[in-house]
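Just below is one structure, and these are the notes that go with it.
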Amino acid sequence: MWRVFAPGHYALSSTDRAGYEALATIPAGASVSAQQAIIPHLSRRQSIYGIERRVPDTDYVIVTEHRTVWPNRDFAEVREMLRERIAQGYKTVFERDGWIVLSRPAVA
């Protein structure tokens, strides 16, 4: 319990910093597909979708292996959806510490 009073308890990890940098690569007006756990960080956007097979194409896709992938089974399923987007022409614009951001070609 005492560790919650230690300043180090609240320091950002390199994964957390990478997540904020990944989010910063996505312009404010862009539509986004993201894992459910990431969506609250994108809440000021007009078009946000969960990363699932039935969602429309969006300007950007953001995922991380460090958060839950629900409603998907596992990160392998999410990675397969990323491969499908890349096959459609999406480009990787950020990849670090388990965070990946793709952009649609007209947006990049």
Side-chain angles (χ1 to χ4, degrees):
M1 177 71 178
W2 286 107
R3 69 181 159 168
V4 299
F5 297 107
H9 181 72
Y10 299 96
L12 291 177
S13 69
S14 63
T15 301
D16 294 332
R17 283 190 298 277
Y20 285 113
E21 289 177 34
L23 288 163
T25 65
I26 303 172
S31 60
V32 184
S33 295
Q35 286 166 256
Q36 297 293 331
I38 301 171
I39 288 176
H41 298 279
L42 301 163
S43 63
R44 292 187 177 183
R45 296 167 190 278
Q46 190 170 15
S47 300
I48 311 166
Y49 301 92
I51 184 81
E52 300 175 45
R53 294 203 182 277
R54 66 182 188 274
V55 301
D57 287 341
T58 54
D59 298 329
Y60 286 83
V61 177
I62 182 170
V63 300
T64 181
E65 58 191 45
H66 300 292
R67 301 291 182 265
T68 180
V69 295
W70 180 88
N72 301 293
R73 288 186 309 268
D74 52 27
F75 197 73
E77 187 175 355
V78 172
R79 204 171 276 287
E80 178 58 31
M81 286 185 266
L82 292 179
R83 280 192 287 273
E84 290 170 4
R85 296 285 172 105
I86 290 169
Q88 295 173 4
Y90 279 73
K91 302 291 182 205
T92 303
V93 294
F94 184 93
E95 186 169 10
R96 196 174 84 230
D97 289 333
W99 287 84
I100 302 168
V101 178
L102 304 179
S103 70
R104 203 165 36 180
V107 176

Apart from V55 itself, its cluster of hydrophobic side chains linked below 4.5 Å comprises Y49

Tracing side-chain contacts under 4.5 Å among Ile, Leu, Val, Met, Phe, Trp and Tyr outward from Y90 reaches I51, V61, V63, V69, F75, V78, M81, L82, I86, I100, L102

Answer yes or no: is there a donor N or O on one side and an acceptor on the other, between the side chain of [X] and the main chain of [Y], under 3.5 Å?
| X | Y | result |
| --- | --- | --- |
| R85 | S103 | no |
| T64 | G98 | yes |
| R45 | A28 | yes |

In this structure, OG of S31 is separated from CZ of R104 (nearest 0.5 Å) by 5.5 Å

Which residues pass the salt bridge (charged side-chain N to carboxylate O under 4.0 Å, His left out) test with [X], not counting sequence neighbours?
| X | answer |
| --- | --- |
| R67 | D16 |
| E65 | R79 |
| D97 | none |

For [X] and [Y], which heavy atoms make the closest approach, and how far apart are they?
| X | Y | value |
| --- | --- | --- |
| R54 | E52 | NH1-OE1, 2.5 Å |
| W99 | T15 | NE1-O, 3.1 Å |
| Q35 | T68 | NE2-O, 3.0 Å |
| P27 | T25 | CD-O, 3.5 Å |
| P105 | G89 | CG-O, 3.0 Å |
| Q88 | D57 | OE1-OD1, 3.4 Å |

Please identify each residue that fulfils side chain to side chain donor-acceptor pair (under 3.5 Å) with [X], with sequence neighbours left out.
| X | value |
| --- | --- |
| R83 | E80 |
| E21 | R96 |
| R44 | none |
| R53 | E84 |

Exercise for review: Indicate yes or no: at least one non-hydrogen side-chain atom of L42 is less than 4.5 angstrom from one of I62.
Suggested key: yes

- Query: Can you name the side chain to side chain contact (heavy atoms under 4.5 Å, CB included) partners of I39, sequence neighbours left out?
  - Reply: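 Once residues adjacent in sequence are excluded, the partners of I39 under the side chain to side chain contact (heavy atoms under 4.5 Å, CB included) criterion are A34, Q36, I48.
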
Contacts satisfying salt bridge (charged side-chain N to carboxylate O under 4.0 Å, His left out) that involve residues 23-41 (not counting sequence neighbours) are none

- prompt: How would you list all residue pairs meeting salt bridge (charged side-chain N to carboxylate O under 4.0 Å, His left out) that involve residues 28-40, not counting sequence neighbours?
  reply: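 Checked against salt bridge (charged side-chain N to carboxylate O under 4.0 Å, His left out) - neighbours excluded - no pair reaches residues 28-40.
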
